Amino acid sequence: MASEEQCSAPPRWRSISLTHVEYPAGDLTGQVLACISLLPIAILVGFVTLIVFKRELHTISFFGGLIMNEGLNWLLKHILQEPRPCGGGHSSVTTEYGMPSSHSQFIWFFVVYFFLFLYLRMHQTNNARCVELLWRHILSIILLAVALSISYSRVYLLYHTWSQVIYGGVAGMVMGVVWFFITQEVLTPLFPKIAAWPISEFFLVRDTSLIPNILWFEYTVTRSEARNRQRKLGTKLQ
């Protein structure tokens, strides 16, 4: 590990407002990568929104896995205690330790879990139409590009070394695979019982494990109910 005496003078950094994610002043690439590195925050906000409005047990389990993944990252950082790159000179970081990268571990957990969910949980692949298969592949490519961009941004912005990013990605992928199969094999059989708890019924928590394509199911049920209500309304007006 290079000593502080060997490091060149750090660049002048600017911070994205309200986030304190810094990038070199005047560096457009750095500014774009800094914005990309904020995507994990958007993902967390999206999960909270889904849980509040959908209240679906698999989504709650997915979010719980992300939280445990973050807890593991914190634990590993404080066990390994490997410092961040000395050339960064960032004015504000959540912790002085950089091994493994929390951004990399977070996004690779999310992407691997989502891949498994997309191709195994939504188990209509063999009977799906070409369009349905195509959008899954396109979404997978987009997610892969996002994960690579976020990982690269942490090195470019001098928050982490390549080894810290790689080890973070590996840890996230392993956690994603392990938590997906725990959810599928251990938790999913318990979901019907959990959904039947009085507190679950009070908060309208539901289990959709047996529905392979929840988007299509909700669309068809909503359309059918809307037609029935329209028919009843038309009958009353006659």
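The shown structure was predicted, so the numbers you read here are calculated from the model rather than taken from an experiment. Numbers here simply count residues along the sequence, with the first being 1.
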- Between the CG atom in Leu190 and the OG atom in Ser209, the distance rounded to the nearest 0.5 Å is 10.0 Å
- Message: A side-chain contact here means heavy atoms from C-beta on lying under 4.5 Å apart; do Glu70 and Phe109 qualify?
- Response: no
- State which residues pass side-chain contact (heavy atoms from CB on, under 4.5 Å) with Ser163; sequence neighbours excluded, sorted by chain then number. Glu82, Met99, Thr161, Tyr167
- Query: Yes or no on side chain to side chain donor-acceptor pair (under 3.5 Å) for Thr183 and Ser61, after CA distance, side-chain angles and deciding distance?
  - Reply: CA-CA 7 Å; Thr183 300; Ser61 177; 2.9 Å; yes
- Are Leu72 and Phe181 in one and the same hydrophobic cluster, where Ile, Leu, Val, Met, Phe, Trp and Tyr link if side-chain heavy atoms are under 4.5 Å apart? yes
- Query: If you take all heavy atoms of Gly30 and Tyr156, which pair is closest and at what distance?
  - Reply: CA-CE2, 3.6 Å
- Trp179 versus Leu66: any side-chain heavy-atom pair under 4.5 Å? no
- Considering all heavy atoms, the nearest Val112-Gly176 contact: CG1-C, 4.4 Å
- Do any N or O atoms from the side chain of Arg229 and from the backbone of Ala226 form a donor-acceptor pair under 3.5 angstrom? no
- Item | Side-chain heavy-atom pair Lys77, Gln81 within 4.5 angstrom cut-off | no
- Message: What I want to check is whether the side chains of Trp108 and Ser151 have a donor and an acceptor closer together than 3.5 Å.
- Response: yes
- For Glu201 and Ala196, the nearest pair of non-hydrogen atoms, with its separation, is OE2-O, 3.5 Å
- Query: Does Ser104 reach the side chain of Ile150, with side-chain heavy atoms less than 4.5 Å apart?
  - Reply: no
- Give a yes or no on whether Val48 and Leu44 share a hydrophobic cluster (residues Ile, Leu, Val, Met, Phe, Trp, Tyr; joining criterion: side-chain heavy atoms under 4.5 Å apart). yes
- Message: Set out, in order, the CA-CA distance, both residues' side-chain angles and the distance that settles side-chain contact (heavy atoms from CB on, under 4.5 Å) for Val165 and Tyr152, then state yes or no.
- Response: CA-CA 8 Å; Val165 166; Tyr152 176 69; over 6 Å; no
- Any sub-3.5 Å donor-acceptor pair from Ser200's side-chain atoms to Val205's backbone N or O? no
- Note on the structure: Minimal heavy-atom distance between Ser37 and Ser153, with the atoms involved, is CB-OG, 3.6 Å
- Can you find a pair of side-chain heavy atoms, one from Gln105 and one from Asn69, that are under 4.5 Å apart? yes
- Query: Taking the six-membered ring for Trp, is the centroid-to-centroid distance between Tyr159 and His103 below 6.0 Å?
  - Reply: no
- Task: Kindly give the heavy-atom pair with the smallest separation between Leu57 and Asp207, and that separation in Å.
- Result: CD1-CB, 4.1 Å
- Query: Roughly how far, to the nearest 0.5 Å, is CG of Leu50 from CD1 of Ile60?
  - Reply: 10.5 Å
- Atom pair CE (Met173) and CZ (Phe115), whose distance is rounded to the nearest 0.5 Å: 10.5 Å
- Query: So how far is it from Leu157 CG to Ile36 CD1, rounded to the nearest 0.5 Å?
  - Reply: 10.0 Å
- Query: Quick check: does any side chain N or O of Thr49 sit under 3.5 Å from a backbone N or O of Val45, one acting as donor and the other as acceptor?
  - Reply: yes
- Query: What's the verdict on side-chain contact (heavy atoms from CB on, under 4.5 Å) for Leu118 and Ser140, showing C-alpha distance, side-chain angles and the deciding distance?
  - Reply: CA-CA 9 Å; Leu118 201 60; Ser140 299; 3.7 Å; yes
- Please assess Ile43 against Ile107 for the test side-chain contact (heavy atoms from CB on, under 4.5 Å), listing each intermediate value before the final yes or no. CA-CA 9 Å; Ile43 291 172; Ile107 196 61; 3.8 Å; yes
- Leu204 and Phe53: same hydrophobic cluster, using ILVMFWY side-chain contacts below 4.5 Å? no
- Task: Measure from the ring center of Phe114 to the ring center of Phe110 and say whether it is less than 6.0 Å.
- Result: yes
- Task: For the pair Ile194 and Phe191, evaluate side-chain contact (heavy atoms from CB on, under 4.5 Å) and give the outcome as yes or no after the intermediate values.
- Result: CA-CA 5 Å; Ile194 296 173; Phe191 283 169; 4.2 Å; yes
- Would you find more than 12 non-hydrogen atoms of other residues, nucleotides or ligands less than 6.0 Å from Ile199 atom CD1? no
- Task: Examine Phe62 together with Tyr113 and report whether their ring centres are nearer than 6.0 Å.
- Result: yes
- Item | Separation between OG of Ser149 and CD1 of Ile142, rounded to the nearest 0.5 Å | 11.5 Å
- Determine whether Leu80 and Leu75 fall in the same hydrophobic cluster, where Ile, Leu, Val, Met, Phe, Trp and Tyr are linked whenever their side-chain heavy atoms lie under 4.5 Å apart. no
- Query: Do you reckon Met175 sits in the same ILVMFWY cluster as Val186, going by side-chain contacts under 4.5 Å, direct or chained?
  - Reply: yes
- Between atom CG of Leu28 and atom CG of Leu33, what is the distance when rounded to the nearest 0.5 Å? 9.5 Å
- Message: Using only atom types and a distance under 3.5 Å, with no angle test, would you say the side chain of Arg154 pairs donor to acceptor with the backbone of Trp162?
- Response: no
- Task: Applying side chain to side chain donor-acceptor pair (under 3.5 Å), run through Glu56 and Thr208 and close with a yes or a no.
- Result: CA-CA 7 Å; Glu56 201 277 320; Thr208 61; 2.8 Å; yes
